[in-house]
S.K.: 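Provided herewith is a single structure, encoded as structure tokens, for subsequent inquiry.
Worth knowing before you read on, the calculation uses all heavy atoms, side chains too, and leaves out hydrogens, waters and symmetry mates. Keep in mind the model is a prediction, meaning the values are calculated, not measured.
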Amino acid sequence: MNIFTDIARRYLFGKKTTNAINIITGISVLGIAIGTAALILILSVFNGFESLIKDFVDDFNPDLKISLVEGKRFSCSDSLYQAIDNIEGVDLVSRTIEEVALFEYNGLQEAGVIKGVDHLFGKVTSIDSTIKQGEYVIESENDYFAVTGYGLARKLSMNIDDFRTTLSIWLPKRKKSSALDKPFITKDILPAGFFSIQNDKDHQYVITSIDLIEGLLKTKGQISALEIKVNSDIDESTIKSNIAAVLGDNYKIQNRYEQEETYFKVMNIEKYMSLLIGSFTILLVAFNLIGSLWMIVLEKKKDIAILRSMGSTAKNIQSLFMKEGIMITLLGLLMGIGLSILIYLIQVNYGIISMSGIQIIEAYPVELRWMDFVLVVCIVFVIGCLASILPSKKAAKIPAMIREE
């Protein structure tokens, strides 16, 4: 072991003549440990929510979604549909149409989105696994039904067991035949089930048959999107390229995460803003580290003078106290990592921090990722090194001989 590394270790763990230095050093280590654990746990909570939302997105969003780059609807002929369906790796293709609508139930009104889907939609997605109450049914031989987001159903106080009260759907007319003509088309249907994926779709969407929406809007063959289930054994990017070759540049093809790109971008911004704020907290703790090293330098002035007299250079002395600061930082890092893993295991197994008012999960979701450990270790280590520079430079300026007062 390098002699200066050994001396730095002795300075860290050895007893100081002034007890306050031990206390300040301990506070520095504890502050770094708590800050490190906090950063890791903050990132783990965001990771947990991201994975949770991705699971729900997997149930609602298709593997691939085709829509217009500009515009609301496009014409999907049988030949176009067949051309996409015949592409290798495309298992199922579902036609869907979306329109802003007003919903009314038992005198209560709420704006949202009506989504018309065909009979393949339930196979293209896993919407049936998100049904919280009732069942996924959009049509029968004689009638149409609505599958409503749980958040919207609560706003409208919907009762799935009340077969006498219908959900009224109000759609704006595309064209009015006369000035006296009503501007809205309305249709009453019974709710068949409530789905829950715990995001904005819960509070906006009502799913029903595409035939009903096309009949109301008189837009036969005009759809908002083609939603596709792909073969997992074939590379998704290859399938996207093949579809793009058939469609051209006027269409966009999004995978299930690109469909929620804005949401995940916002979540990542929040995640790294939280990391930045937490890093500033570590920066404040670093001032305590500076004070601790400064007091060690003052206490060890005679030792430094002796080392200088024995031939140690200013660079050796600076290196000694840089190593001292790095050791304090590494000790705090190790303690912080251990503390974060302990809290993570407790949360995963016992759910000590619960989420009140959220029915689908009882406790905050957490997920540790090794890249987060690397990121946090780098941030804390750099801050610790920067905090050690000033005291180590001060120590390097101490001369070989100190006059006794």
S.K.: Could you check whether any side-chain N or O of S51 sits under 3.5 Å from a backbone N or O of G48, counting only pairs where one atom can act as donor and the other as acceptor?
M.R.: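 A pair under 3.5 Å: no.
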S.K.: Take atom CH2 of W294 as the centre, draw a 6.0 Å sphere, and report whether it contains more than 12 heavy atoms from other residues, nucleotides or ligands.
M.R.: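 Counting neighbours around CH2 of W294, more than 12 heavy atoms of other residues, nucleotides or ligands fall under 6.0 Å, so yes.
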S.K.: Side-chain contact test, heavy atoms from C-beta onward, threshold under 4.5 Å: evaluate it for L293 versus I328 and give yes or no.
M.R.: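 They are in contact (side-chain heavy atoms under 4.5 Å apart), so the answer is yes.
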S.K.: Can you tell me if K393 has over 12 outside heavy atoms packed within less than 6.0 Å of its NZ?
M.R.: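 No, NZ of K393 has 12 or fewer neighbouring heavy atoms, counting only those of other groups under 6.0 Å.
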S.K.: A side-chain contact here means heavy atoms from C-beta on lying under 4.5 Å apart; do Q259 and P62 qualify?
M.R.: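 A side-chain contact exists here, since the closest heavy-atom pair is under 4.5 Å.
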S.K.: With the side chain counted from C-beta on, respond yes when Y272 and L375 share a heavy-atom pair under 4.5 Å apart, and no when they do not.
M.R.: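 Y272 vs L375: side chains touch.
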S.K.: If you draw a 6.0 Å radius around CZ in F287, do more than 12 non-hydrogen atoms from other residues or ligands fall strictly inside?
M.R.: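 Check fails, neighbour count at 12 or below.
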S.K.: Take atom NZ in K271; do more than 12 heavy atoms of anything else shown fall under 6.0 Å from it?
M.R.: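 Correct, the count exceeds 12.
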S.K.: I need the minimum non-hydrogen distance between N61 and K201, along with the two atoms involved.
M.R.: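 Taking N61 first and K201 second, the nearest heavy atoms are OD1-CE, 3.9 Å.
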S.K.: Would a distance-only check, ignoring hydrogens and angles, find a side-chain to backbone donor-acceptor pair under 3.5 Å from S292 to N288?
M.R.: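 Checked: no pair found.
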S.K.: Is there a donor-acceptor pair under 3.5 Å between the side chain of S224 and the backbone N or O of E98?
M.R.: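 Such a contact is found between S224 side chain and E98 backbone.
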S.K.: Is the side chain of S319 donor-acceptor paired with the backbone N or O of K315 at a distance under 3.5 Å, no angle test?
M.R.: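 Checking the backbone N and O of K315 against the side chain of S319, no donor-acceptor pair under 3.5 Å is found.
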S.K.: Mind checking whether I84 and L247 have side chains closer than 4.5 Å, heavy atoms only?
M.R.: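 Touching, per the 4.5 Å side-chain cut-off.
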S.K.: Does this structure show an ion pair linking D78 with R95, if we count only N-O contacts that are shorter than 4.0 Å?
M.R.: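 So D78 pairs with R95 through a salt bridge.
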S.K.: Could you tell me whether the side chains of T313 and N316 share a donor-acceptor contact shorter than 3.5 Å?
M.R.: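 Yes.
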S.K.: If you take all heavy atoms of M335 and A33, which pair is closest and at what distance?
M.R.: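 That would be CB-CB, 3.7 Å.
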S.K.: Using the side chain to side chain donor-acceptor pair (under 3.5 Å) rule, pick out the option among N106, D188, T186 that qualifies with S168.
M.R.: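 The single option meeting the side chain to side chain donor-acceptor pair (under 3.5 Å) with S168 is D188.
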S.K.: For residues R256 and T125, determine if any side-chain heavy atom of one lies less than 4.5 Å from a side-chain heavy atom of the other.
M.R.: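 Side-chain contact under 4.5 Å: no.
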S.K.: In Å and rounded to the nearest 0.5 Å, what is the CD1 to CG distance from I32 to L330?
M.R.: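 Answer for the CD1-CG pair, I32 versus L330, is 9.0 Å.
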S.K.: Step by step, work out the side-chain contact (heavy atoms from CB on, under 4.5 Å) result for K240 and E258.
M.R.: CA-CA 13 Å; K240 287 179 70 174; E258 289 170 342; 3.1 Å; yes
S.K.: Please walk me through it: do I239 and I234 pass side-chain contact (heavy atoms from CB on, under 4.5 Å)?
M.R.: CA-CA 8 Å; I239 299 173; I234 299 178; 3.9 Å; yes
S.K.: So which atom in A146 and which in V206 form the shortest heavy-atom distance, rounded to 0.1 Å?
M.R.: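 Minimum heavy-atom contact is CB-CG1, 3.8 Å.
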S.K.: Distance from K187 atom NZ to L212 atom CG, nearest 0.5 Å?
M.R.: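 Here the interatomic distance stands at 6.0 Å.
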S.K.: Can you confirm whether V117 sits close enough to V124 that some side-chain heavy atom of one is under 4.5 Å from a side-chain heavy atom of the other?
M.R.: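 With C-beta onward as the side chain, the pair stays apart.
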S.K.: Distance-only, no hydrogens or angles: does the S129 side chain make a donor-acceptor pair with backbone N or O of S126 under 3.5 Å?
M.R.: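 The answer is yes, because a donor-acceptor pair under 3.5 Å joins these two groups.
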S.K.: How are the rings of Y205 and F60 set relative to one another: parallel (under 30°), tilted (30 to 60°) or perpendicular (over 60°)?
M.R.: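 Correct class here is perpendicular.
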S.K.: Taking all heavy atoms of F321 and all of A395, pick out the closest pair and write down the distance.
M.R.: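 Nearest heavy atoms, F321 then A395: CD1-CB, 3.5 Å.
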S.K.: Roughly how far apart are I223 CD1 and S67 OG, rounded to 0.5 Å?
M.R.: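 The distance works out to 10.0 Å.
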S.K.: Could you check H203 against K155 for side-chain contact (heavy atoms from CB on, under 4.5 Å), going step by step and ending with a plain yes or no?
M.R.: CA-CA 8 Å; H203 299 274; K155 288 180 180 180; 3.8 Å; yes
S.K.: With heavy-atom distances below 4.5 Å as the criterion, would you say the side chains of I169 and F103 are in contact?
M.R.: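 Yes; the side chains approach each other to less than 4.5 Å.
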S.K.: In Å and rounded to the nearest 0.5 Å, what is the CG to CD1 distance from N47 to I42?
M.R.: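 The distance works out to 12.0 Å.
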S.K.: Check the pair H119, I138 against side-chain contact (heavy atoms from CB on, under 4.5 Å), reporting the backbone distance first and the verdict last.
M.R.: CA-CA 8 Å; H119 66 284; I138 57 174; 5.9 Å; no
S.K.: Indicate yes or no: at least one non-hydrogen side-chain atom of F145 is less than 4.5 angstrom from one of L190.
M.R.: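 They are in side-chain contact.
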S.K.: What closest approach, in Å, do T36 and G332 show between heavy atoms, and which atom pair accounts for it?
M.R.: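 Scanning both residues completely, I find the closest heavy atoms to be OG1-O, 4.4 Å.
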S.K.: To the nearest 0.5 angstrom, please state how far the CD1 atom of I40 sits from the CG atom of L368.
M.R.: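 If I round to the nearest 0.5 Å, the distance is 7.5 Å.
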S.K.: Between V93 and D85, what is the shortest heavy-atom contact and its length?
M.R.: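 Minimum heavy-atom contact is CG2-OD1, 3.8 Å.
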S.K.: Please check if atom CG in N349 has more than 12 non-hydrogen atoms from other residues, nucleotides or ligands closer than 6.0 Å.
M.R.: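 Counting other residues, nucleotides and ligands, CG of N349 exceeds 12 neighbours.
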S.K.: To the nearest 0.5 Å, what is the distance between CZ (F121) and CG (D128)?
M.R.: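 Rounded to the nearest 0.5 Å, the CZ-CG separation comes out at 10.5 Å.
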